[in-house]
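Numbered from 1 within each chain, the chains take letters A, B, ... in sequence-line order.
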2 protein chains.
Amino acid sequence: MVLTRKTPTIQDVALRAQVSSATVSRVLSAPERVSEKTRERVNAAVRDTGYSINQAARSLRMKTARTLLMVAPNIGNPFYSVILDAVIDEAQKRGYGVLVGTNIGLDPGRWLTDYLLSTRADGLLLFHGGLDPEDLHTFAREEGISLPVVASYDEPPAPLVTSVVTDNRAAAARAVRYLMQLGHTKIGHLAGPVRNNRPNERLLGFEEAMTAANLPLNPAWILPGNYDQPGGIAAARAILALTERPTAMFCGNDESAFGFIHGLREGGVECPRDISVIGFDDVGQAEIYHPTLTTMRQPREDLGRVATRRLIDIIEKRETPTDPVHVVLPAELIIRESTRALDSSGR
Amino acid sequence: MVLTRKTPTIQDVALRAQVSSATVSRVLSAPERVSEKTRERVNAAVRDTGYSINQAARSLRMKTARTLLMVAPNIGNPFYSVILDAVIDEAQKRGYGVLVGTNIGLDPGRWLTDYLLSTRADGLLLFHGGLDPEDLHTFAREEGISLPVVASYDEPPAPLVTSVVTDNRAAAARAVRYLMQLGHTKIGHLAGPVRNNRPNERLLGFEEAMTAANLPLNPAWILPGNYDQPGGIAAARAILALTERPTAMFCGNDESAFGFIHGLREGGVECPRDISVIGFDDVGQAEIYHPTLTTMRQPREDLGRVATRRLIDIIEKRETPTDPVHVVLPAELIIRESTRALDSSGR
DNA sequence: TTCCCGAATGTAATCGATTACATCGTTGCG
DNA sequence: CGCAACGATGTAATCGATTACATTCGGGAA
């Protein structure tokens, strides 16, 4: 901001209202501590001067930035962008701004340093982003910092860090069971990435459901993916190259499911005619893709809102959550066109 | 941030390096002004103490936040999220953070106040968001503020505000001409919203191309939209209800094109068999939708990067761009499956 | 009437980095 | 040898809001 005239400060307001700056400050943060008459005078002065608080000064004094930092691997993915929307909205309601960082890939130390230790942000909303919450925790501990973090992952949550997650394993199992209900037994899985050396929960859910139903896990049908479209296309090619193909595929997320279906189609194999596909997330596109996508809906907006609320609570209570909370939100099966029942002959 | 031990300040570093805090500050911001020997000593002390600058103090003193504010109507739209990604990356390179605001819908005054005048952000990246850059300019002028803003719109840019835009009108005309090349003459348009009382450039481009080719503008084929899927679906229904339908449709953006194609399909009308559709943006989905979408590719990443660079330049040069720059980036026609040529009989 | 108490308000220190200005020591030149 | 000039560094004021502590004032109780 380049100002051609100076912004009014709290002193200017005080002068105009004929009180001290302390009183103005009180009117603004603890109105009940000031007599009604003065309060009105001050409020009028605030209006007249067009005063707006200087956040930098406030932050310096209070050691608080009223700002959250959200980190996601790739905001470009519609999955995260809806969450971001919710985060911003919720934060705004509580008077916080939202800084966004992406996939920094640098060491967490420098990173945290830049944002958190420098009074730029008061807490961290972690939606992946190559930061292992456990590492973070360790780092913070070594530095003698108690760092407000809320994580939202699809791996099992780090026990030491407050988290808000979907029940990925259960939801994955539900998806797979739905395919079974449709008569499928030859079921494959396009997996998500393995992050932070933790098992992928959706893969676990898949394995769990298959095993529980006494169905074989065919390694050729379990493909590595990265939750993106190209991965889906590559997986489709891999499947097309097989002589024996699955009749149904559980894809780790919608993006990769779209890629997969597209890849199949390029090879002349149609979904759901030849292969049923179920996704995960229920992004906006799922409803209008062709075929419309059967998927497990994640309550993305809720994820964002709940995570934000929790983070602000942690920040404002100024309590180290020695016993972190793990909120688990349910996912919902959304049935659409991309899955079909096999008839009695198994076709 | 809750600290269990205090963060090292510049004083601590000074103490350890046996110099004054002024010298430490110099080493950090103007190393050449300090002798090599002292410089090394200070750098070592910085490392030893794990010092990281207190942004709030710096901001207070320098009246600068090293932060940009990006405003977009709806980050959930993949169009904006890719831009955001680029903005964040570019800003980070220059040492800036990115605050994100959405569709506030409040009056620009209060809004600006909260962010810009309060030393929270140094400049504004405006990707719509219900703020008219002209209003902003006026507001700022009245307040005696010179406000660094870069806008990226699909309306004609406000002459007073620096902007980085795609050449929407030319690109729209190009899209329409392509449809004509394929033999289409009955061409409709699913328009974008009218914002800030300015004509929609893509609509203008459409009209321009039609008129130039002496083709009639059928009002029943020019439908209002909002750049979103539901609008596309609604438009499809409207078209389906007509006895005489266009053979090709130019949709204002990809999102609405997807909705439109989907809506057609629900009514048993296939794209491109019955109606060709061309979109605008080239979002990630365009490449794997079924049919894959012919569209005008906007250089979204470039938009984000260029806008960010320009904004930072404005901020750092501390110059009021009395003669604002308007960067225009070209769009590119991407031909895919959703458009087909009519044969000689016009089918 | 005097004294105490509490509500309302003021005074001034404080947060941490930047920077104008002052100081000190060298070097170079007349 | 003396002094100017310059480079390196230190001193201290400053940015604007918060808040611990001090002050003032009025009312009620003894």
Side-chain angles (χ1 to χ4, degrees), chain A residues 1-3 6-43 45-46 49-66 95 113-114 117-120 122 318, chain B residues 1-3 6-43 45-46 49-66 95 113-114 117-120 122 318:
Chain A
M1 289 291 314
V2 186
L3 300 178
K6 81 175 187 352
T7 341
T9 74
I10 200 171
Q11 308 292 345
D12 300 325
V13 176
L15 209 64
R16 189 167 233 275
Q18 315 204 52
V19 295
S20 74
S21 64
T23 301
V24 177
S25 180
R26 284 188 202 106
V27 170
L28 263 33
S29 56
E32 73 283 359
R33 303 203 44 206
V34 176
S35 76
E36 171 120 22
K37 214 165 55 177
T38 335
R39 205 189 309 156
E40 274 168 14
R41 202 144 33 88
V42 169
N43 281 326
V46 167
T49 53
Y51 169 73
S52 73
I53 200 170
N54 182 318
Q55 270 296 335
R58 185 172 211 271
S59 294
L60 174 57
R61 181 63 224 245
M62 316 225 345
K63 296 174 181 312
T64 261
R66 300 231 107 201
T113 290
D114 280 6
L117 296 185
S118 62
T119 332
R120 271 190 158 180
D122 306 317
R318 310 208 154 187
Chain B
M1 291 294 310
V2 185
L3 300 178
K6 80 175 188 352
T7 340
T9 74
I10 201 171
Q11 308 292 345
D12 299 324
V13 177
L15 210 64
R16 188 167 234 275
Q18 314 204 54
V19 295
S20 75
S21 65
T23 302
V24 177
S25 179
R26 285 188 201 106
V27 170
L28 264 32
S29 56
E32 73 283 359
R33 304 203 44 206
V34 175
S35 76
E36 171 120 21
K37 216 166 53 177
T38 335
R39 205 188 310 155
E40 274 168 14
R41 203 143 33 88
V42 169
N43 281 326
V46 167
T49 52
Y51 170 74
S52 73
I53 201 170
N54 182 319
Q55 270 296 336
R58 183 170 213 272
S59 295
L60 173 58
R61 182 62 225 243
M62 315 216 2
K63 295 173 182 312
T64 260
R66 299 231 109 200
T113 291
D114 279 7
L117 296 185
S118 61
T119 333
R120 273 191 157 179
D122 305 318
R318 309 208 157 189

Indicate yes or no for a side-chain donor-acceptor contact from B:Ser59 to the backbone of B:Thr64 under 3.5 Å, with no hydrogens or angles considered.
yes
Axis deviation across the helix from C:dT1-D:dA30 to C:dG30-D:dC1, five-pair ends, to the nearest 10°
60°
I need the minimum non-hydrogen distance between A:Gln11 and A:Ser21, along with the two atoms involved.
OE1-CB, 3.7 Å
Of A:Leu15, A:Asn43, A:Val13, A:Thr38, which is the lone residue that meets side-chain contact (heavy atoms from CB on, under 4.5 Å) with A:Val24?
A:Val13
For B:Asp122 and B:Ala65, which heavy atoms make the closest approach, and how far apart are they?
OD1-N, 2.6 Å
State whether the side chain of A:Arg120 and the backbone N or O of B:Gln55 hold a donor-acceptor pair below 3.5 Å, judged by distance alone.
no
So, for A:Pro8 and A:Thr49, which heavy atoms are closest and what is the spacing to 0.1 Å?
CG-O, 3.3 Å
Does some side-chain heavy atom of B:Thr9 sit less than 4.5 Å from a side-chain heavy atom of B:Asn54?
no
Can you check whether A:Ala17's main-chain N or O pairs, donor with acceptor, with A:Arg41's side chain at less than 3.5 Å?
yes
When you compare the side chain of A:Val34 with that of A:Val42, does any pair of heavy atoms fall below 4.5 Å?
no
Name the pairs: protein N/O against N/O of nucleotides 14-16 of chain D, kept only if under 3.5 Å.
from, atom 1, to, atom 2, distance (Å)
D:dT14, O2, B:Arg61, NH1, 2.8
D:dC15, O3', B:Lys63, NZ, 3.0
D:dG16, OP1, B:Lys63, NZ, 2.9

Between B:Ser21 and D:dG10, is there a contact of a side-chain N or O with OP1 or OP2 at under 4.0 Å?
no
I need the single residue from A:Thr7, A:Leu28, A:Asp12 that forms a side-chain contact (heavy atoms from CB on, under 4.5 Å) with A:Tyr51. Which is it?
A:Leu28
Contact list please: residues 24-38 of chain A against DNA chain C, heavy atoms, distance less than 4.0 Å, in numerical order.
A:Arg26, A:Val34, A:Ser35, A:Thr38
